[in-house]
Amino acid sequence: MSNKFIENQNWRYATKKFDASKKVSEQDLETLKEAIRLSASSYGLQLYKVLIVENPEVRAKLQPASWGQSQIVDASHLFVFANITDVQESHIDDYIENIAKTRGLSIDDLKGYGDFMKGNLVSLPADKKAVWTSKQTYLALGNLLNAAAELKIDVTPMEGFEPEKYNEILGLNQLGLNASLVATVGYRHEEDATQHYAKVRKSKQELFQTI
């Protein structure tokens with residue numbers, strides 16, 4: 001792993017105050033979107049959507065549902081990771097079709113893999129499905145954090161919001177989606193004192209154990 005990557009990981013932090021006058025360019029935004037698109041996910045299914053909220057009126061409505069945090073309205077962009085709550089056979093069929101098209105394979109040749117996924121996922125209780133798909137959004141968030149750090153773009157991942165209100169405001173319930181994670185994306189304000197704090201992490205000795 002390059003020293004540059006580690007340097008960028010030390011540079012990034014959860015920004016508390018964004019500079020509302022600075023906007024992420026369309027080119028960089030496309031890079032961040034591609035990083036999310038290329039993220040790992042279980043089976044490769046990507047059972048989530050990512051809403052990029054730019055509309056200031058919508059973001060103003062979401063701020064009270066985000067514990068009043070200023071990042072929601074001041075950041076350049078607001079990313080809402082929304083997991084599909086109820087995995088259906090159709091989701092897996094669409095994925096199998098995508099594999100066949102991308103790799104030049106026959107759908108019949110992939111039937112066994114499709115049936116395997118359906119057997120493991122579709123029959124799960126609804127609550128377990130929702131928890132499982134929610135976990136997938138964290139993998140996508142990781143790619144966003146890493147890609148943004150490479151571009152010197154700040155990201156604040158947030159669990160401090162009310163999913164039910166997000167779902168209502170963004171109309172997610174009707175789409176079979178649930179707001180799982182929020183990430184504000186933009187540039188740190190020079191007055192954000194948090195950027196000068198030393199990064200606090202466990203030591204390698206505390207964190208890792210070789211067996």
Side-chain angles (χ1 to χ4, degrees), residues 14 32-53 58 61-62 64-67 69 72 77-148 155-185 202 207-209 211:
L32 297 180
K33 290 161 68 174
E34 184 68 356
I36 293 172
R37 190 183 75 86
L38 293 173
S39 174
S41 68
S42 293
Y43 299 107
L45 282 165
Q46 297 178 290
L47 293 172
Y48 50 80
K49 297 282 187 180
V50 184
L51 285 73
I52 302 176
V53 186
V58 175
K61 292 179 181 178
L62 292 171
S66 313
W67 303 356
Q69 295 176 88
I72 298 297
H77 293 77
L78 172 65
F79 285 52
V80 179
F81 292 81
N83 60 298
I84 293 172
T85 56
D86 189 11
V87 184
Q88 299 291 323
E89 289 193 2
S90 59
H91 295 122
I92 296 171
D93 289 337
D94 289 344
Y95 179 50
I96 290 295
E97 183 177 338
N98 194 7
I99 294 176
K101 179 180 178 182
T102 302
R103 297 178 177 171
L105 301 173
S106 166
I107 290 179
D108 290 339
D109 292 337
L110 298 167
K111 184 178 184 303
Y113 184 44
D115 290 343
F116 173 75
M117 287 188 285
K118 290 174 183 178
N120 285 337
L121 300 175
V122 177
S123 61
L124 287 173
D127 58 337
K128 289 189 176 181
K129 285 184 184 179
V131 169
W132 185 80
T133 56
S134 177
K135 289 180 178 179
Q136 306 307 308
T137 63
Y138 286 79
L139 296 173
L141 172 67
N143 263 31
L144 171 61
L145 289 170
N146 291 333
V155 178
T156 302
M158 293 181 172
E159 291 182 310
F161 69 99
E162 299 176 62
E164 298 82 2
K165 291 185 179 179
Y166 263 66
N167 294 345
E168 180 182 349
I169 293 168
L170 297 174
L172 298 180
N173 290 323
Q174 299 91 307
L175 301 174
L177 298 170
N178 170 70
S180 173
L181 284 172
V182 170
T184 49
V185 178
K202 289 182 177 181
L207 189 59
F208 299 103
Q209 181 178 355
I211 300 175

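Computation of the quantities below employed the complete heavy-atom set of this structure, encompassing side-chain atoms and omitting hydrogens, waters and symmetry-equivalent molecules.
In this structure, the side chains of Ile96 and Met117 come closer than 4.5 Å at one or more pairs of heavy atoms. In this structure, the side chains of Leu141 and Phe81 come closer than 4.5 Å at one or more pairs of heavy atoms.
Annotation: side chain to side chain contact (heavy atoms under 4.5 Å, CB included) contacts of Ile84 (sequence neighbours excluded): Leu47, His91, Leu177. By the ring pair (Phe, Tyr, Trp, His ring centres under 6.0 Å) test, Tyr166 is found to be paired with Phe161, residues two or more places apart in sequence or in another chain being considered. Evaluation of the salt bridge (Lys or Arg N to Asp or Glu O under 4.0 Å) rule for Asp94 yields no partner, not counting sequence neighbours. When the salt bridge (Lys or Arg N to Asp or Glu O under 4.0 Å) test is applied to Lys33, the partners found at least two apart in sequence or on another chain are Glu30. Remark: Glu168 pairs with no residue by the side chain to side chain donor-acceptor pair (under 3.5 Å) rule, at least two apart or across chains. Evaluation of the salt bridge (Lys or Arg N to Asp or Glu O under 4.0 Å) rule for Glu164 yields no partner, not counting sequence neighbours. Partners of Gln209 by side chain to side chain donor-acceptor pair (under 3.5 Å), not counting sequence neighbours: none found. Remark: Asn178 pairs with Asn83, Asn167 by the side chain to side chain donor-acceptor pair (under 3.5 Å) rule, at least two apart or across chains. Residues forming a salt bridge (Lys or Arg N to Asp or Glu O under 4.0 Å) with Glu34 (at least two apart in sequence, or on another chain): Arg37. By the side chain to side chain donor-acceptor pair (under 3.5 Å) test, Thr156 pairs with no residue at all, sequence neighbours left out.
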* Under the side chain to side chain contact (heavy atoms under 4.5 Å, CB included) criterion, do Asp93 and Lys118 qualify, and how do the steps go? -> CA-CA 9 Å; Asp93 289 337; Lys118 290 174 183 178; 2.7 Å; yes
For Thr184 and Phe79, what are the C-alpha separation, side-chain angles and deciding distance, and is it a side chain to side chain contact (heavy atoms under 4.5 Å, CB included)? CA-CA 6 Å; Thr184 49; Phe79 285 52; over 6 Å; no
Check: Could you walk me through whether Leu144 and Val50 pass the side chain to side chain contact (heavy atoms under 4.5 Å, CB included) check?
Finding: CA-CA 11 Å; Leu144 171 61; Val50 184; over 6 Å; no
Using the rule given for side chain to side chain contact (heavy atoms under 4.5 Å, CB included), can you reason through Ile99 versus Thr102, listing the C-alpha separation, both sets of side-chain angles and the distance that settles it, and then say yes or no? CA-CA 5 Å; Ile99 294 176; Thr102 302; 6.0 Å; no
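Atom CD in Glu162 sits 9.0 Å away from atom CD1 in Ile169 (nearest 0.5 Å). Rounded to the nearest 0.5 Å, atoms CH2 (Trp67) and CD (Glu159) are 9.0 Å apart. Summarising the geometry, atom CG belonging to Asn146 is positioned 6.5 Å from atom CG belonging to Asn143; distances are rounded to the nearest 0.5 Å. Atom CD1 of Ile72 and atom NZ of Lys61 lie 15.5 Å apart (nearest 0.5 Å). Note: Leu78 CG to Ser66 OG = 7.0 Å, rounded to the nearest 0.5 Å. Rounded to the nearest 0.5 angstrom, Ser134 OG and Leu181 CG are separated by 6.5 Å.
Using a 30° and 60° split on the angle between ring planes, Tyr113 and Phe116 fall in the parallel class, below 30°.
For the residue pair Ala179 and Leu172, the shortest heavy atom distance occurs at N-CD1, 3.8 Å. In plain terms, the two heavy atoms of Ala100 and Leu110 that are nearest each other are N-CD1, 3.8 Å. Considering every non-hydrogen atom in both Ile92 and Gly114, the closest pair reads CG2-O, 3.8 Å. Between Leu139 and Ser41, the shortest heavy-atom distance links the atoms CD1-CA, 3.9 Å.
Applying the salt bridge (charged side-chain N to carboxylate O under 4.0 Å, His left out) test to pairs two or more places apart or on separate chains, those with a residue in residues 120-139 are Asp86-Lys129. Pairs passing the salt bridge (charged side-chain N to carboxylate O under 4.0 Å, His left out) check and including a residue from residues 101-113, sequence neighbours excluded, read Lys111-Asp115.
Side chain of Gln136 to backbone of Thr133: no donor-acceptor contact under 3.5 angstrom is found. Using a distance-only test at 3.5 Å, with no hydrogens or angles considered, no donor-acceptor pair links the side chain of Thr137 to the main chain of Ser180. In this structure, the side chain of Gln46 does not engage the main chain of Tyr95 through any donor-acceptor pair within 3.5 Å.
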